[in-house]
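Worksheet for the structure shown next.
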Amino acid sequence: MQHPTSADIQRVREFLLDLQSRICSALEQQGGGTAQFEIDDWQCPEGGGGRSRVLQNGSVIEKGGVMFSHINISRLPASATERHPQIAGAKAQAMGVSLVIHPKNPNVPTSHANVRLFVAEKEGQDPVWWFGGGFDLTPFYPNDEDVLAWHQKAHELCAPFGDTVYAEHKKWCDDYFYLKHRDEQRGIGGLFFDDLNQWDFETCFQYMQAVGNGYLQAIVPVFQRNQDKPYSEAQRDFQLYRRGRYVEYNLVYDRGTLFGLQTGGRIESILVSMPPLAAWSYRPEWEENSPEKRLTDYYLKPHDWLTELKK
């Protein structure tokens, strides 16, 4: 297996910083540039650091965090070694961009994306490396145009890397972003991949770039189609209720959150994905055939969206 050089790692870092900047600039424009992502540079005690970019209380984005980090780890935690026991006790470096965007308008879905590189080194052994990432969409009042376009972009970016990549990484996303205790998906899915090193380093890096760029290409039209739609107080209440599910997933299941907490990571960066407001109701009921009922009965189930919505 080809192993990344220091120059390779630097190229990945430069791409990630540029991706962070481009995503922030594009999302700021959805609000006419009136609200901007604040920059917060920070250092990690073990080495490395990051750049957090956070937007709060905007007219379009209620809260959004686009986070870059490149950290050194002297001893890997259980969340990193349970699938790779051979690197237990190794030192490592991890870098990535991770984001969660919580729009104000309930007609605009919450979106999440991340792309990352992990390299572990243990004395007397070859380095172990892999890429990971993906993007997914969590709507409150979904429409078929957005769902289809989202998955068409995912399919399009996967196509150069093999005929089965979209189907495999789409299913991985459905399986991963699943709230077992609620028996429902977090949203309408997208792509998810981890431990990606079956191709050579350059091809894996190209795929990671395609996913990062694909998120940006997919999310801007979603904002443009929905951010100016009117909404009611009842729809806003439903948005806050559904955000509660997002919080449940991130705190109970999300591997990145667990990794950050177990490595003593920067808590503000780890929990920036939390929405500014969320709500929990006891056994709420929705009218039959209502948009709220259709969300859970139809959209929050795994589907072959490309086939169903093209009919």
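Source: prediction; values computed, not measured.
- In this structure the side chain of Lys63 never reaches within 4.5 angstrom of the side chain of Pro275, judged on heavy atoms.
- Atom CG in Leu157 sits 13.0 Å away from atom CD in Gln206 (nearest 0.5 Å).
- The only option from Trp150, Phe161, Trp305, Tyr166 that meets the ring-ring contact (aromatic ring centres under 6.0 Å, His included) definition with His155 turns out to be Tyr166.
- In the hydrophobic cluster analysis, where Ile, Leu, Val, Met, Phe, Trp and Tyr join through side-chain heavy atoms closer than 4.5 angstrom, Leu271 is grouped together with Trp280.
- Contact check for Leu117 versus Trp130: no side-chain heavy atoms found under the 4.5 Å cut-off.
- Asp146 has its side chain out of reach of Ile188: every pair of non-hydrogen atoms, C-beta onward, lies at least 4.5 Å apart.
- Taking all atoms of both residues into account, the shortest heavy-atom contact from His102 to Ser273 is NE2-O, 2.8 Å.
- Using a 4.5 Å cut-off on side-chain heavy atoms (C-beta onward), Arg186 and Leu179 make contact.
- Annotation: the span from Met208 atom CE to Leu19 atom CG amounts to 8.5 Å, rounded to 0.5 Å.
- Atom NZ of Lys171 has 12 or fewer neighbouring heavy atoms from other residues, nucleotides or ligands inside a 6.0 Å radius.
- Of the N and O atoms on the side chains of Arg245 and Tyr241, at least one donor lies less than 3.5 Å from an acceptor on the other residue.
- Both Phe140 and Phe135 are part of a single hydrophobic cluster, where members link through side-chain heavy atoms under 4.5 Å apart.
- Listed by first and then second residue, the salt bridge (Lys or Arg N to Asp or Glu O under 4.0 Å) pairs involving residues 98-112 amount to none (not counting sequence neighbours).
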Item checked: Verdict with supporting geometry, Met274 and Leu251, side chain to side chain contact (heavy atoms under 4.5 Å, CB included) -> CA-CA 9 Å; Met274 297 298 113; Leu251 293 181; 4.2 Å; yes

Notebook entry, point to check: Given Phe193 and Val165, is the side chain to side chain contact (heavy atoms under 4.5 Å, CB included) satisfied, shown in steps?
Noted result: CA-CA 10 Å; Phe193 66 99; Val165 173; over 6 Å; no

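- Across all non-hydrogen atoms, the minimal contact from Asp304 to Lys170 is N-NZ, 4.3 Å.
- No donor-acceptor pair under 3.5 Å is formed between the side chain of Asn250 and the backbone N or O of Thr257.
- Using a 4.5 Å heavy-atom threshold, the side chains of Val222 and Arg225 count as touching.
- Considering every non-hydrogen atom in both Gly65 and Ile101, the closest pair reads N-CD1, 4.2 Å.
- Looking at every heavy atom in both residues, Met95 comes nearest to Val12 through SD-CG1, 3.7 Å.
- Distance check: Leu295 CG to Leu300 CG gives 4.0 Å after rounding to the nearest 0.5 Å.
- Between His112 and Tyr246, the ring center distance fails the sub-6.0 Å criterion.
- Between Tyr249 and Phe177, the distance from one ring center to the other falls under 6.0 angstrom.
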Next item on the list: Output, in order, the C-alpha distance, side-chain angles, deciding distance and verdict of side chain to side chain contact (heavy atoms under 4.5 Å, CB included) for Ile9 and Gln93.
Entry: CA-CA 10 Å; Ile9 293 172; Gln93 57 179 313; 3.5 Å; yes

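- Leu277 and Phe238 fall into different hydrophobic clusters, defined by Ile, Leu, Val, Met, Phe, Trp and Tyr side-chain heavy atoms under 4.5 Å apart, directly or through other members.
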Note to self: Let's go through His169 and Tyr207 carefully: what are the C-alpha distance in whole Å and the side-chain angles of both, what is the deciding distance for side chain to side chain donor-acceptor pair (under 3.5 Å) to 0.1 Å, and is it a yes or a no?
What the structure shows: CA-CA 12 Å; His169 291 182; Tyr207 182 66; 2.8 Å; yes

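- Residues Val60 and Leu55 share a single hydrophobic cluster, defined by chaining ILVMFWY side chains whose heavy atoms lie under 4.5 Å apart.
- Residues Ser59 and Thr34 form a side-chain contact, since some pair of their non-hydrogen atoms from C-beta on lies under 4.5 Å apart.
- With hydrogens and angles ignored, the 3.5 Å screen pairs no side-chain donor or acceptor of Asp195 with any backbone N or O of Gly132.
- Between the side chain of Gln239 and the backbone N or O of Pro103 there is at least one donor-acceptor pair closer than 3.5 Å.
- Applying the salt bridge (charged side-chain N to carboxylate O under 4.0 Å, His left out) criterion to Glu268, with sequence neighbours excluded, gives no partner residue.
- Among residues two or more places apart in sequence or in another chain, the side-chain hydrogen bond (donor to acceptor under 3.5 Å, both in side chains) test is passed with Arg11 by Asp8, Glu202.
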Margin query: Go through it in stages, so that I can follow the logic: the residues are Lys91 and Asn72, the test is side chain to side chain contact (heavy atoms under 4.5 Å, CB included), and I'd like the CA-CA distance, side-chain angles, deciding distance and then a yes or no.
Written below: CA-CA 8 Å; Lys91 63 178 183 179; Asn72 298 322; over 6 Å; no

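- Applying the ring-ring contact (aromatic ring centres under 6.0 Å, His included) test between Trp129 and each of Phe201, Phe118, Trp199 identifies Phe201 as the sole match.
- For the pair Glu287 and Lys293, the salt-bridge criterion is not met [side-chain N within less than 4.0 Å of a carboxylate O].
- Taking SG from Cys24 and CD from Gln36, the interatomic distance works out to 10.0 Å, rounded to the nearest 0.5 Å.
- Counted within 6.0 Å of CD on Glu14, heavy atoms from surrounding residues, nucleotides or ligands total more than 12; the atom is thus considered enclosed.
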Note to self: Please evaluate residues Tyr141 and Glu292 with respect to the criterion side chain to side chain donor-acceptor pair (under 3.5 Å), reporting the C-alpha separation (whole Å), side-chain torsions for both, the decisive distance (0.1 Å), and the verdict.
What the structure shows: CA-CA 7 Å; Tyr141 290 93; Glu292 292 82 5; 2.6 Å; yes

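- Applying the salt bridge (Lys or Arg N to Asp or Glu O under 4.0 Å) rule to pairs touching residues 25-44 yields Asp40-Arg266, Asp41-Arg51, sequence neighbours excluded.
- Under the 4.5 Å side-chain criterion, counting only non-hydrogen atoms from C-beta, Ile267 is in contact with Leu261.
- One finds a salt bridge joining Arg236 and Glu62 here, because a Lys/Arg side-chain nitrogen approaches an Asp/Glu carboxylate oxygen to under 4.0 Å.
- In plain terms, the two heavy atoms of Leu148 and Leu306 that are nearest each other are CD1-CD2, 3.9 Å.
- Closest non-hydrogen pair, Thr296 versus Arg242, comes out as CG2-NH1, 3.7 Å.
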Less than 3.5 Å apart, which donor and acceptor atoms pair up between the side chains of residues 212-221 and the rest of the protein, not counting sequence neighbours?
from: Asn213; atom 1: OD1; to: Arg22; atom 2: NH1; distance (Å): 3.2
from: Asn213; atom 1: OD1; to: Arg22; atom 2: NH2; distance (Å): 2.8
from: Asn213; atom 1: ND2; to: Gln209; atom 2: O; distance (Å): 3.2
from: Tyr215; atom 1: OH; to: Ser111; atom 2: OG; distance (Å): 2.8
from: Gln217; atom 1: OE1; to: Lys153; atom 2: NZ; distance (Å): 3.0

Item checked: side chain to side chain donor-acceptor pair (under 3.5 Å) assessment of Gln10 paired with Arg13 -> CA-CA 5 Å; Gln10 180 62 26; Arg13 177 186 170 92; 4.6 Å; no

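- If you look at Tyr253 and Tyr176, their ring centroids are not closer than 6.0 Å.
- Residue pairs meeting the ring-ring contact (aromatic ring centres under 6.0 Å, His included) criterion with at least one partner in residues 20-71, sequence neighbours excluded, do not occur; the list is empty.
- Under the 4.5 Å side-chain criterion, counting only non-hydrogen atoms from C-beta, Asn226 is not in contact with Asn105.
- Gln185 places a side-chain N or O within donor-acceptor distance of the main-chain N or O of Asp174, the cut-off being under 3.5 Å.
- Residues Leu99 and Phe15 share a single hydrophobic cluster, defined by chaining ILVMFWY side chains whose heavy atoms lie under 4.5 Å apart.
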